[in-house]
Structure formats: structure tokens, C-alpha cells
J.: 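The structure is given below, and queries will be raised subsequently.
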Amino acid sequence: MNEYVIEIQALSRRFGKKYALQDIDVKVPRGIVLGLVGENGAGKTTLIKHLLGLLKAQTGTVRVFDKNPVEDPVGVLGRIGYLSENREMPQWMSINEYIRYTKAFYPGWDMEYEKELISNFELDRTQLIKHLSRGQKAKVGLLVALAYKPDLLLFDEPSSGLDPVVRRDMLTAIVRTITEEGRTIVLSSHLLDEVERVADQVVMIHEGQIVLSDTLEDIREAHHQLIVRFEQDQDQKPILPGMLSCEGGPMEWSCLCKEKIDILKTAVQNLKGNIVECTSPSLDEIFVARVKADTI
Amino acid sequence: MQPYIKAMTWAFWRERRIHFISFIILASTFSVSIRQFIPIFEKYKSMQLIYIFAVFFEIASLGMLIISAFGSSVMNLKIPDQLYVKPVSSRFLTLVYLAFSILSAIVIHLIAVLLYRFVGHLDWPLISPLIGFISIILCAYSLYWIFSDSPLLCVISITVTCGFIALIFIEFIKRQVSPSYFLFNIMPYLLIVDTFALVISFKAIKHARYGEKIRSVRFWERFYLKLKALLPGTNWKLNSPQKAYFWLLFRNGGFVFPMVNIFFILIISFVSMFTPENEKGSEVISGIIAFAIVNLFFLPIFSAGIVNSRGNSDGLSYQIAIRPISESSILKTLLKAFMANYIAGWIIYLIGASILILMLALTGNLDLSDADINKLIQVKSFFLFPKILIYPLGIWAIAGLISSLFLTGRNLPVFIFFSLLFLTPITIMLTNTFGSKVFNDFIVSSLIWFLALGGFGGTILAILYAIRKFLISSRFVGILIGVYVSFCIIGLILNFSVVNTPANAVILCGMLALPFAPFATAPLALYWNRHR
């Protein structure tokens with residue numbers, strides 16, 4: 001059995017003249033939560049659509065469960081649970097009708113789990129979808145994505161526009177799914193604190209290219225937020241190895257760098273400065289610094 | 001012009017562009033086809049059938065504009081939410097959107113009229129349909145807003161209103177009254193209807209803007225939900241993906257075709273009410289025949305379009321695209337849903353027609369004289385049925401190609417390619433069936449040649465591409481080729497007296513190729529749409 005659930009190699013996609021994805025390489029092992037982060041229009045949804053086989057790779061290859069989702073949609077989609085940001089559902093159906101409709105496609109539907117989710121999410125089966133609030137629609141979407149216990153879950157901005165209570169409910173359901181053996185989750189989100197809380201591995205996309213791909217632990221270890229104080233005023237930003245952003249001045253600067261701490265200490269000493277504080281930056285800070293950085 | 005009006009104009013046309021293009025194609029086909037009937041109508045002094053066709057055509061254009069809005073995910077009003085948050089008054093929004101709709105209908109109408117006049121040289125009372133149009137659109141819009149949460153009621157009320165207004169026109173045209181008579185006697189009523197409709201529209205849009213419903217909606221909604229609970233289908237056991245998808249498709253648009261046919265029957269009933277007793281029988285039978293022809297040609301197109309309309313804006317709907325179901329199952333289900341809609345439409349039509357004939361018989365109006373019967377039998381259109389039914393694959397060709405056309409979504413070159421394929425059989429079939437003089441015209445015959453070869457070449461290309469993509473097996477293609485060659489041989493032998501030149505033989509073979517095109521184009525379109 002292949003140890004990777006998702007294998008993407010040299011994937012590129014162009015819409016007109018603009019590249020939505022460029023030379024993407026991602027490998028996702030079984031049983032992890034992959035956080036997919038990036039600003040609006042970075043290419044996250046396009047990447048997810050390739051995994052679902054809704055978009056065909058123009059160059060490169062996409063394999064999910066060691067199969068091409070375009071050539072074998074039945075084999076791949078039967079093992080994927082997908083929740084989109086738009087939550088496109090037939091408005092005229094009741095929740096029960098929608099569940100029955102979806103159930104027909106998945107032989108492995110778990111009735112007990114369905115009942116449990118209905119009860120946890122406090123949903124009324126007889127209600128029409130068009131009468132549901134945004135949060136309730138998200139819960140219904142999550143329910144039909146989880147109830148057949150798919151091997152791979154693709155969440156595209158699952159909690160955007162939802163209040164903290166619903167977000168918490170959804171995260172609880174996701175965490176529960178993680179704990180079940182062998183399941184893999186791809187979570188695309190703007191809410192980086194949410195990703196930080198559940199993800200094992202993070203892929204950061206900027207303008208269709210991967211700018212960062214590592215485990216969350218390694219990312220945290222590799223990045224440092226330094227406050228550097230100099231004895232004299234500095235007219236320009238100090239240049240430090242692996243520096244992604246630097247603000248402040250003229251004597252005290254706050255810099256975010258991707259480099260080993262020993263190397264950074266030496267570099268600061270060479271510039272006749274002192275490291276006043278060294279902290280581990282949040283994913284949010286790393287993301288902003290990465291996006292703003294002129295050179296990666 | 002204010003920039004925001006420009007923006008709204010652009011958005012309105014842009015959102016409905018596929019419907020406009022489709023309707024212009026329909027208008028062109030209709031204009032060409034109705035021309036073929038004129039000598040028959042003139043011969044038997046039954047010109048009113050042309051007007052019935054014309055009214056149908058106009059109502060259909062209105063229907064097209066309204067149905068285009070049914071495709072939106074938010075059923076409430078056609079005005080997009082982003083306009084509600086702009087600093088413009090509700091009254092202004094109502095007026096601008098009504099103006100857009102009326103203008104669109106007039107543009108489509110004018111295109112058809114120009115084409116019609118170009119090929120038909122018939123005097124057309126242009127101004128009265130336009131005035132009527134405005135009334136119909138105003139009424140339909142306001143009714144649409146009132147019943148925006150109850151699509152079924154919306155369709156019924158609009159159909160009845162349109163039928164009522166159409167009746168005024170038929171009456172106006174049949175009596176051949178002067179424009180001044182129309183202005184003084186009928187216009188005031190239409191103006192009252194318009195004013196009433198406009199007031200309702202203002203009220204409706206104001207309520208909709210603030211997320212409220214007009215009180216009557218709640219009543220109708222409850223009524224509709226109660227009625228819906230009685231309908232079959234709600235307790236189906238969905239144990240297969242195909243069944244589930246069929247249910248989704250049929251429940252989405254299945255009611256439209258029976259409604260179209262109820263509308264036909266209503267028109268015939270209204271017309272017969274104003275017909276003298278001695279002509280009532282032949283009038284009703286003529287109407288039934290005329291609308292049966294309309295059904296035969298247009299129902300496949302509408303049903304194919306509506307079955308697929310949910311997914312034509314951005315590929316297939318997520319509800320099916322992300323499910324583990326093969327393309328061939330999707331295609332089979334689409335076809336089944338289309339056939340179910342088509343058959344449901346015909347059943348309703350036949351029930352309605354039978355009731356009408358029964359009523360005629362009961363009231364003693366079916367007492368047709370020998371002359372009447374001879375007149376009916378000799379009408380060339382009467383024999384059109386068996387003639388067209390000889391080519392059952394013709395209907396499959398039209399429906400399949402239109403399905404493909406709708407499935408292509410935003411792919412404009414493919415859309416144009418399939419449109420050409422679609423126009424070919426209609427043009428050739430009509431020209432051949434009626435043996436029109438235009439067939440001898442050099443430019444027209446060159447165009448037909450071009451279309452015939454385009455259809456032939458296009459079919460071969462589509463099949464080759466589908467084989468290359470492994471969408472259809474080479475064994476299946478072998479069977480298709482065998483059947484096609486047999487068709488050509490039988491067609492050439494049976495039509496030897498007509499197909500006496502190589503040119504005619506090529507045209508016949510080109511025409512016979514078209515029913516085979518959907519076998520390749522529909523899987524291709526589906527494949528492109530699911531995996532863009």
C-alpha cells in the first residue's frame with residue numbers, strides 16, 4: 001500500500017494568461033492533517049478541485065489513493081468527503097431529503113454516525129435547506145461529508161463566515177475524525193489559528209506557488225521573531241540571514257527570520273547589536289511575513 | 001449614462017447571455033420553419049394558426065427570460081443581492097430591471113420579426129405585440145415576485161395571466177380591428193393591468209430588499225407545501241446513485257413540461273371560446289395539431305435544456321460532480337430524466353387534448369362536415385407527424401445535441417460548434433420536407449451544403465475525439481458505423497427518385513450522420529464539464 005494518500009508532481013494550471021498553480025509538488029502521508037494556507041486567489045481551491053478531478057492537470061500529475069481522479073472518478077470520489085466554502089445545496093430539499101440523496105452514492109454510509117451528528121449539531125431533519133442559517137448549512141454540509149467515514153476529507157474554507165460557536169462545533173467534529181484511525185484531512189482556511197490548532201503539516205501557497213511546506217513543528221523551530229537593539233541609530237533595516245520582515249527602528253527592530261538561532265546571534269553581534277527577545281512566531285505572523293516578503 | 005446603470009446593464013446581459021443566444025437560435029429556426037407553413041395556411045384560409053404560433057413564440061421568449069432566473073441559487077427575486085446594498089432606491093431598481101426585461105424581449109422579438117419578414121414577406125402587426133409584451137412582462141414579473149418562494153404557483157399564475165393576455169391579442173388579430181379600435185377599447189384594460197402590476201412590483205421589491213415576504217406568500221407557501229406533501233416521490237427509497245440523481249433532476253424541473261402543455265391546452269380552449277359554433281370543431285382540431293407539432297419540435301429542446309440548466313454556469317453542479325458516479329451513469333440518468341420530462345409533457349398534452357375533444361363531442365361541436373374532414377386531412381402539416389416519426393432518431397439528434405450544448409457550459413467555441421450541428425438537421429429536415437423554393441437559391445443551397453458537410457465532418461471529428469479520450473469504445477463505434485452505413489444505403493434506395501444527384505446524396509448522408517453525433521458529443525461535453 002502506498003504510504004501517500006495524495007501525490008502531486010509538477011502540477012501547473014493556467015486560466016487564460018494567468019497561472020493559478022505553478023509547478024506544485026505535494027505529498028501527503030496517510031493519517032495527517034494538512035493545512036493549506038494562502039491569501040485569496042492564491043490557488044487553494046484550484047488545487048482542491050484538481051484533487052477532486054473537477055479540473056484536469058494541464059501539466060504534471062495528480063494522484064489520490066494512487067489513482068488519477070480524472071480517469072477514475074468513482075474509485076477516488078467514493079473515498080473523499082468534501083465540504084466547500086459555497087455549500088452549494090439544493091435549496092428545495094429538506095435536510096432529510098438531502099441526506100437520503102447523498103446516502104445513495106455511498107454504500108458505506110454509517111447510519112449510527114449520521115444520527116449522532118444530527119443530534120450533536122442540533123439539526124431538524126424536516127427543515128428545508130433554504131430556511132437554514134449559514135451555520136446550519138455548514139453543519140449539514142459537514143454531516144454529509146463525514147457520515148460515510150471517508151478516508152480523505154477535503155475542507156475548503158469550512159468555517160468562513162461562521163460564528164465562534166459553530167466553528168468550535170465543526171472543529172470538534174474534525175478533531176474526532178482525526179482521531180479515527182488512518183484518516184487524512186486537507187484543511188484550507190484563512191483562519192490560521194484554526195489551522196495551527198489542528199494541522200500536522202502546512203503548505204503555504206502564494207500566487208500559485210508553494211512558498212512553504214513543512215511540518216508545523218519544523219516551521220515553528222525554523223522561524224524566529226527577534227527584537228534587536230542597537231547602540232546607535234540605524235538608517236536602514238539591518239540585514240539578517242533568512243530575514244522575511246523587519247519593522248521598527250531606528251535603534252530597536254523587530255525581525256522575523258527563517259534561520260538557526262546560532263547563526264542569527266552571530267549575525268546580530270557582527271552588526272553590533274543585541275537580541276533583546278527571541279520568540280517563536282505564530283503561523284499568522286509567518287504567513288504575513290512570507291506574503292509581504294519581496295524575495296523568498 | 002450613469003456608471004452604475006452601465007454596470008447593471010452589463011451584469012444583466014452577461015448573466016443571461018446563454019439564454020439570449022439560445023433564443024436567437026430558436027427565433028431564427030422558428031422564423032424559417034413558420035415560413036414553410038404560410039402556403040398551407042393561405043390555401044385553407046387558416047391564417048390564425050400563424051398568430052397562434054406567433055403568440056406561442058412571444059410567450060416562449062418571455063418564458064425563456066423568466067426561466068433563466070430560475071437557475072439562480074437564490075430563488076428570491078432576480079435582482080442580485082449586491083445591487084440591494086448599493087445606494088439606489090427600490091423603485092429605481094424595479095424600473096431599471098423591468099426596463100431591461102422589456103428591452104430584451106423587444107430586441108429578441110425584433111430579430112425574429114425581421115427574419116420573419118425577410119423570409120416571409122408578410123405584413124406583421126408590429127406595434128400591438130410590443131404593447132402586449134410590456135403588459136405580459138410587467139404582469140409576469142410582479143407575479144414572479146409575489147410567488148417567488150413557490151415556483152409551482154409562480155408558473156401556474158404566470159401561465160394563466162399570459163394566456164389571458166394572449167387571448168386579448170388573438171381576439172384583436174382575429175377580428176382584424178383597426179389600431180384606433182385597439183387603442184380606445186383594449187389599451188385601457190392593458191394599462192390598468194400594467195399599473196396594477198407595477199404597483200405590486202414596487203411593493204414586492206421593497207419587501208424583498210428588507211428580507212420580508214408579502215403576506216400572501218406565506219399563505220401560498222403553506223398551501224404549496226401541503227400540496228407538495230401529497231405528491232408522489234417523497235417516500236422513494238433511494239438505493240442507487242442513478243435513482244438519486246434522477247430524482248434530483250426530475251424534481252428540479254419536471255413540472256415545467258406539463259405546465260407548458262397545460263398552457264397550450266388553455267390557449268386552444270380560449271381560442272375555441274371565441275370561435276363561431278360551426279367552425280369550433282375544426283378550429284380546436286387544428287389547434288391540437290399545431291401545438292402537437294410545436295411539442296414535437298420544441299419539447300425535446302426545452303426538456304434537454306431544463307434538465308441540464310442547473311449546472312451550465314460553472315461546470316456540473318457540485319451535487320453530482322463530486323459524487324462517486326461514472327460519466328456514463330450521469331449521461332444515462334440525464335437521458336432518463338429528459339425522457340421522463342418529455343413523456344410527462346406529452347401525457348398531459350394528450351389528456352388535455354382528449355378532454356377538449358370529449359367536450360366538443362358532448363356539446364355537439366364535433367360535428368365536422370366532410371369538407372372539414374377533407375380540409376384537415378389534406379393539410380400538409382397533418383402528415384408531418386408520420387413523416388417526422390419515420391426518423392425517431394431525429395428527435396434524439398436534436399435532444400442529444402441540445403443536451404451537449406447545455407452541458408458545454410462556458411465553452412463558447414464548443415457551444416458554437418454544437419449550435420451549428422443542431423441547426424443543420426432542422427434546416428435540412430424542413431427544407432427537404434416542404435421542398436421549399438429557397439432550396440434552389442444558390443446562396444441558401446451553398447449554406448445548406450456547408451452545414452451538411454459541417455455536420456458530417458463535425459460528427460466524425462467528435463467521434464474520433466471521443467474514441468481518443470476512451471469515452472466510447474471502438475466496438476461501440478463499429479456498431480454505430482454499421483448502423484449508419486445501413487441507414488445511408490436504405491435512405492438512398494428509398495429516396496432514389498429525390499436523391500438523383502451526387503449533391504443530394506451527400507446532403508442526405510450528411511443529414512443521416514447527425515443522429516449519431518450525440519453518441520459522441522454528449523459524453524464529450526460531460527467529460528469536459530466534469531474535468532475542466
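Numbers restart at 1 for each chain; the letters A, B, ... are given by sequence-line order, proteins then strands. Keep in mind the model is a prediction, meaning the values are calculated, not measured.
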J.: Do you know which two heavy atoms are closest between Ile322(B) and Tyr106(A), and how far apart they sit?
T.: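 Shortest heavy-atom contact: O-OH, 3.8 Å.
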J.: How far does OH of Tyr101(A) sit from CZ of Arg323(B), to the nearest 0.5 angstrom?
T.: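 Between Tyr101(A) OH and Arg323(B) CZ, I get 6.0 Å after rounding to 0.5 Å.
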J.: So which part of Pro69(A) gets closer than 4.5 Å to some heavy atom of chain B, the side chain, the backbone, both or neither?
T.: backbone
J.: Heavy-atom count check: over 12 atoms from other residues, nucleotides or ligands less than 6.0 Å from Glu207(A) CD?
T.: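 Result for CD/Glu207(A): open.
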